[in-house]
Amino acid sequence: MTIAKSASTYERIYAIVRQIPAGTVATYGQVATLANLAGQARLVGYALYRVDIASGIPWHRVINAKGEISESPLRLGGDDVQRSLLEQEGVMFSPKGRVDFQRYQWQFKEVKC
DNA sequence: ACATTGACCCGTT
DNA sequence: GAACGGGCCAATG
């Protein structure tokens, strides 16, 4: 599938996040880069904040570059929810609450038609 | 139309 | 190793 470039910045972000497979996590910076917004990982976080769960976007699979879960006090319950969702998908967290990037970081596989 | 917000990443000290 | 600040864009009221 191709990513629509004509789409708005946020839509591009949503398109990327939506393609993150279950049991995998991606960093904001990675999503930003894939969305053609390299260097603007912020927008990814901002965009996800506006996104609703009903949008069908696995926002919980997007974490910060530290491998930890970013949370917003305004979001659902907090990091507990996001971590729980990831654990449900089989993502294991380090004792420190970090995710093993070597194991779970989403690697964008360029699928050539 | 203006001002404010909002879940980050990187470099330097 | 930890802390601080700077920079970017879009949506909301």
Side-chain angles (χ1 to χ4, degrees):
Chain A
M1 185 171 81
T2 322
I3 301 161
K5 298 179 185 173
S6 307
S8 298
T9 309
Y10 274 32
E11 272 203 30
R12 281 183 285 197
I13 295 168
Y14 301 150
I16 298 295
V17 177
R18 220 178 278 181
Q19 272 145 78
I20 300 175
T24 316
V25 297
T27 63
Y28 290 95
Q30 182 161 18
V31 174
T33 303
L34 294 172
N36 209 5
L37 299 167
Q40 293 175 330
R42 264 186 168 186
L43 299 183
V44 179
Y46 301 163
L48 291 176
Y49 174 71
R50 316 280 180 199
V51 167
D52 274 343
I53 308 282
S55 301
I57 298 173
W59 58 270
H60 57 270
R61 292 182 196 144
V62 183
I63 58 180
N64 59 15
K66 294 172 207 157
E68 252 209 345
I69 295 175
S70 298
E71 68 164 286
S72 66
L74 308 176
R75 218 33 189 155
L76 316 172
D79 59 344
D80 296 338
V81 176
Q82 186 165 5
R83 186 168 76 184
S84 192
L85 287 168
L86 289 172
E87 284 181 341
Q88 275 184 34
E89 298 188 343
V91 177
M92 299 225 281
F93 283 79
S94 288
K96 285 174 142 194
R98 277 171 92 183
V99 180
D100 293 349
F101 276 130
Q102 292 183 56
R103 195 172 166 127
Y104 299 109
Q105 184 171 61
W106 175 45
Q107 294 179 6
F108 183 68
K109 295 168 185 171
E110 300 177 12
V111 183
K112 292 196 174 175
C113 303

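Between Glu68(A) and Lys96(A), the shortest heavy-atom distance links the atoms OE2-O, 3.5 Å. Looking at every heavy atom in both residues, Asn64(A) comes nearest to Phe101(A) through O-CZ, 3.8 Å.
For Leu34(A) and dC8(B), the CG to P distance is 19 Å, given to the nearest whole Å. Note: NZ (Lys66(A)) to P (dG1(C)) measures 15 Å, nearest angstrom. Between Asn64(A) atom CG and dG6(B) atom P there is a gap of 18 Å when expressed in whole angstrom units. Counting to the nearest Å, the P atom of dC10(B) and the CG atom of Leu37(A) are 15 Å from each other. With rounding to whole Å, Trp59(A) atom CH2 is found 9 Å from dA7(B) atom C1'.
Leu86(A) and Leu48(A) fall into different hydrophobic clusters, where Ile, Leu, Val, Met, Phe, Trp and Tyr are joined by side-chain heavy atoms under 4.5 Å apart, directly or via other members. Ile69(A) and Ile20(A) fall into different hydrophobic clusters, defined by Ile, Leu, Val, Met, Phe, Trp and Tyr side-chain heavy atoms under 4.5 Å apart, directly or through other members. Under a hydrophobic-cluster definition in which Ile, Leu, Val, Met, Phe, Trp and Tyr are linked whenever side-chain heavy atoms come within less than 4.5 Å, directly or via other members, Tyr46(A) and Leu34(A) are assigned to the same cluster.
Residues from residues 87-94 of chain A with heavy atoms under 4.0 angstrom of DNA chain B: there are none.
Listed for the Arg98(A) side chain is a donor-acceptor partner under 3.5 Å among the backbone atoms of Lys66(A). Gln19(A) places a side-chain N or O within 3.5 Å of a backbone atom of Ala15(A) that can act as its donor or acceptor partner.
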Exercise for review: Sugar-phosphate means primed atoms, P, OP1 and OP2; the rest is base. With that split, encode nucleotides 8-13 of chain C 5' to 3' as B, S or - using protein heavy atoms under 4.0 Å.
Suggested key: BBSS--
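In this structure, the side chains of Thr27(A) and Gln105(A) come closer than 4.5 Å at one or more pairs of heavy atoms.
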